[in-house]
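Here the structure comes first, spelled out in structure tokens, and everything after it is commentary.
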2 protein chains.
Amino acid sequence: MARPRSPLLSVDAIVTAALALVDETGDFSFPKVARRLGVSQSALYNHIANREHIVELMRGRVFATPAPVDCENLPWEEALRALVRTYRDCMVAHPRLVPLLITQTVQDLGVIGIYEDMAVVLERAGLARQAVVPAISAIDYLALGSALDLTGPEVVWAPPEGRFPALSRAIAGLGSVEERAEAAFAFGLDVLVAGVREQVLRTIH
Amino acid sequence: MARPRSPLLSVDAIVTAALALVDETGDFSFPKVARRLGVSQSALYNHIANREHIVELMRGRVFATPAPVDCENLPWEEALRALVRTYRDCMVAHPRLVPLLITQTVQDLGVIGIYEDMAVVLERAGLARQAVVPAISAIDYLALGSALDLTGPEVVWAPPEGRFPALSRAIAGLGSVEERAEAAFAFGLDVLVAGVREQVLRTIH
DNA sequence: ACCTGAACACCGTTCAAGT
DNA sequence: ACCTGAACACCGTTCAAGT
């Protein structure tokens, strides 16, 4: 069997298998993707260019789903919150993909579209032009970081007994990883929105 | 030559070689570290446990250097700013190490010490106890993200012509990667400090 | 204790060969 | 166009053997 009458493989099938592997094991490889699809390793190269390409396709898949935010008809604060929430939710659905996304330039137009939406909202809010990219970047760091935390173990910082009293106090009685990551995200988002509001007021007066 | 009269290798030498490789190439491997040190690959295992261990030792090395911040004698806002600055500076000195640090639990006591200092300052500022870890997390995301950005190419988001006007406007006339990462960090830090201040006021009244 | 060399089970990518 | 199988240059880790 060399060339089959109808293709055994497709870009979609490859991306699905790779993403499932990432969700289950935290990584993917060509041998494993090929094995899942019952195909030889080198066959993958008929549909994708290389490993980086698969990662970029996974990025596209993950950020393709969300319901669009109705930016124009919402007060800017609500629009921004909804956009950032949506953006983070996409990553929270596949937290183990985040480390792979982080080390690679964003080429997917869907994701760039989300940045565009944020830029529109921040502009409309009245944020100084040179502060728009810093604000989007800070938002990005927050969403990425708080999704990345879901990857880690129950206890990310494990301060040994006694030597770190303030940290131990702060950690005591905290919830699950999910709750803690959500709390950090909520805190950061509140603070960012408030910060943008203040910057806007200061620019006007 | 089997066992030499004085050891050819040391933990320090391994960490130095690995960190140099990361700085130069963005990654390290056992064969490459061994080649640098003129030694066989398996010899490394006489001094370190595994790859993860080397990464954790690099973390320790990178965060060991900074001059300690005099937290007690500074107003909390200045102390916090200095702490976060110092923390970020350590990573900015080795931005290509950040992707390796991010996927691994923090075990190094030096780094946990920095978190402890932040917890002390935030407690002293009067931040509600359950907000301390979220605040430190958000700070961490910001420092990590803005260091990570130094890794990327000159243009992280490359919006194609025309379709993303607000983003294109925002990007136009921005500085180098370093300047943009610094601007995002400065923006985020300002906003975080202001956010903590506001939370404190709200808790008191 | 500390090194070498061989071995093992993994990677990503290329390429000739087949239909 | 689309697949197989072999090949290549890489990985991390283990282990017997040597001093």
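A note on names: the letters A, B, ... follow the listed sequences, proteins ahead of strands, and every chain is numbered from 1.
- Set against D:dG12, C:dT14, C:dC3, the side chain of A:Ser42 has C:dT14 as its closest nucleotide.
- Look at CD1 on A:Ile54: it is 8 Å from P on C:dT13, rounded to the nearest Å.
- Proximity note for B:Ser40 (side chain, C-beta onward) versus C:dT4, D:dG12, C:dC3: the nearest is C:dT4.
- Counting to the nearest Å, the P atom of C:dT13 and the OH atom of A:Tyr45 are 4 Å from each other.
- In this structure, CZ of A:Arg51 is placed 5 Å from P of C:dG12, rounded to the nearest angstrom.
- B:Phe30 has its ring centre less than 6.0 Å from the ring centre of B:Tyr45.
- Closest to the side chain of B:His47, out of C:dC2, D:dT13, D:dC3, is C:dC2.
- Atom CG of A:Leu37 and atom P of D:dC2 are 15 Å apart (whole Å).
- The CD1 atom of A:Ile139 sits 7.5 Å away from the CG atom of A:Leu189 when rounded to the nearest 0.5 Å.
- Contacts of B:Ser29 with the nucleic acid, taken as non-hydrogen atoms under 4.0 Å apart, involve only primed sugar atoms and P, OP1 or OP2.
- For A:Lys32 and C:dC10, the shortest distance from a side-chain N or O to OP1 or OP2 is not below 4.0 Å.
- Each of C:dC3, D:dC11, D:dC2 was ranked by its minimum atom distance to the side chain of B:Leu9; first place goes to C:dC3.
- Rounded to whole Å, the distance from CD on B:Gln41 to P on D:dC11 is 8 Å.
- Spacing between atom CD1 of B:Ile14 and atom C1' of D:dT13 amounts to 14 Å, rounded to whole angstrom units.
- Between the side chains of A:Arg61 and A:Thr16, a donor-acceptor pair is found at a separation under 3.5 Å.
- Consecutive Watson-Crick or G-U pairs involving DNA chain D, each under 3.5 Å on both distances, make up stems of three or more pairs at C:4-8 with D:12-16, C:12-16 with D:4-8.
- Atom CG in A:Leu44 sits roughly 9 Å away from atom P in D:dT4 (whole-Å rounding).
- Rounding to the nearest 0.5 Å places CG of B:Leu148 at 11.0 Å from CG of B:Leu97.
- A salt bridge does not link B:Arg124 with B:Glu72: none of the charged nitrogens is closer than 4.0 Å to a carboxylate oxygen.
- When distances run from any side-chain atom of B:Ala43 to the nucleotides C:dG12, C:dC3, D:dG12, the shortest one goes to C:dC3.
- A donor-acceptor pair shorter than 3.5 Å can be found between the side chains of B:Tyr141 and A:Asp149.
- The side chain of A:Pro7 approaches D:dC3 more closely than any other nucleotide in the set C:dC15, D:dC3, C:dC3.
- To the nearest angstrom, P of C:dT13 lies 14 Å from CG of A:Asn46.
- The listed nucleotides are C:dG12, D:dC3, C:dC15; the one nearest the side chain of A:Pro31 is C:dG12.
- In summary, B:Glu182 and B:Arg85 engage in a salt bridge, as defined by a charged side-chain N under 4.0 Å from a carboxylate O.
- Salt bridge B:Glu52/B:Arg59: absent, no basic N to carboxylate O contact under 4.0 Å.
- The side chain of A:Asn50 lies closest to C:dT13 when the candidates are C:dC3, C:dT13, D:dG12.
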